[in-house]
Q: 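Quick one: structure below, then a few questions.
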Amino acid sequence: MLHYPPLKPCPCGSGRSFSACCGPNLSGERTAETPEALMRSRYTAFVLRDAPYLLATWHPGTRPATLDLEGTRWLGLTVHRASDDRVEFSARFEENGQKTQLRENSRFVHAEGAWLYLDGEQWEG
């Protein structure tokens, strides 16, 4: 995982500092209170290449065994809609010198006192 300055704006685009936004989720100090908060913290974990956090917040029924987080540079996040258990977002990234965008309608479940990422329908744009 890459180090991130606590007072710098959070990579998730909330406008808050990392220490006031996703930092406490990634450190285990607190769990995400909503699907949107979990999705934002997961995006930040992708930026920081924090595979343990991503795997821990992924539903065991759909979680991969491992993640390869190298080679992708995340450029920004836009949340389009958030509801009780879904979040639709766009994430911009660069891979192999090519900039692109991923759009996903993600589903989340609340299990054992925490929100978990279940799955998502995605398309590149």
Side-chain angles (χ1 to χ4, degrees):
M1 179 175 87
L2 299 174
H3 174 73
Y4 199 80
L7 298 179
K8 192 171 179 182
C10 193
C12 80
S14 68
R16 297 174 11 207
S17 70
F18 176 70
S19 63
C21 191
C22 294
N25 293 335
L26 273 66
S27 71
E29 185 180 321
R30 70 170 186 235
T31 60
E33 295 179 0
T34 65
E36 181 179 349
L38 179 60
M39 190 279 311
R40 286 183 178 279
S41 69
R42 287 175 54 81
Y43 172 82
T44 297
F46 275 104
V47 170
L48 300 178
R49 298 184 183 122
D50 187 345
Y53 180 79
L54 290 165
L55 293 170
T57 58
W58 209 314
H59 189 277
T62 57
R63 176 176 47 222
T66 61
L67 291 173
D68 179 10
L69 302 178
E70 298 301 318
T72 303
R73 187 168 66 102
W74 295 94
L75 305 172
L77 174 71
T78 302
V79 174
H80 300 288
R81 280 185 282 286
S83 65
D84 292 340
D85 65 348
R86 293 180 186 262
V87 178
E88 185 178 338
F89 69 92
S90 297
R92 296 170 306 286
F93 63 96
E94 183 177 353
E95 205 167 55
N96 301 320
Q98 187 84 354
K99 290 183 181 178
T100 191
Q101 176 176 271
L102 167 78
R103 186 150 178 170
E104 181 171 304
N105 186 0
S106 300
R107 291 190 311 155
F108 297 84
V109 294
H110 198 263
E112 297 182 25
W115 284 103
L116 298 172
Y117 171 76
L118 182 61
D119 59 20
E121 180 180 326
Q122 59 185 356
W123 60 97
E124 291 184 18

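When a residue number appears, it is its place in the shown sequence, counting from 1.
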Q: Report yes or no: do S14 and R40 form a side-chain donor-acceptor pair below 3.5 Å?
A: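 Side-chain D/A pair, S14 to R40: absent.
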Q: Would you say the side chain of S90 lies within less than 4.5 Å of the side chain of H80, judging by non-hydrogen atoms?
A: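 Of all side-chain heavy-atom pairs linking S90 with H80, at least one is under 4.5 Å.
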Q: Quick check for you: to the nearest 0.5 Å, what is the distance between Y4 atom OH and L26 atom CG?
A: 11.5 Å
Q: Excluding sequence neighbours, so at least two apart, what forms salt bridge (Lys or Arg N to Asp or Glu O under 4.0 Å) with D119?
A: R107
Q: Quick check: do L116 and P60 have side-chain heavy atoms less than 4.5 Å from each other?
A: yes
Q: Do E104 and M39 come within less than 4.5 Å of each other through their side chains, counting heavy atoms only?
A: no
Q: Can you name the nearest heavy-atom pair linking P11 to F18, along with the distance?
A: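 That closest heavy-atom pairing would be CD-CD1, 4.1 Å.
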Q: Do other residues, nucleotides or ligands put more than 12 heavy atoms under 6.0 Å from the CD atom of E94?
A: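 Result for CD/E94: enclosed.
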Q: I'd like to check R81 versus V87 (side-chain heavy atoms, cut-off strictly below 4.5 Å). Are they in contact?
A: no
Q: Work out which heavy atom in Y43 is nearest to a heavy atom in G76; give both atom names and the distance.
A: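 Minimum heavy-atom contact is OH-N, 2.9 Å.
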Q: Within a radius of less than 6.0 Å around CD of E95, do more than 12 heavy atoms belonging to other residues, nucleotides or ligands occur?
A: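 More than 12 within 6.0 Å, yes.
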Q: Side chains of T78 and R92 only: does a donor on one sit below 3.5 Å from an acceptor on the other?
A: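 The answer is yes; a qualifying pair exists.
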Q: With under 30° as parallel and over 60° as perpendicular, where do the rings of W74 and F93 fit, or are they tilted in between?
A: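 The rings of W74 and F93 sit tilted, inter-plane angle from 30° to 60°.
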Q: Please check if any side-chain donor atom of Y117 sits under 3.5 Å from a side-chain acceptor atom of S106, or the reverse.
A: no
Q: A side-chain contact here means heavy atoms from C-beta on lying under 4.5 Å apart; do L54 and L69 qualify?
A: yes
Q: Nearest 0.5 angstrom please: T57 OG1 to F108 CZ, how far?
A: 8.5 Å
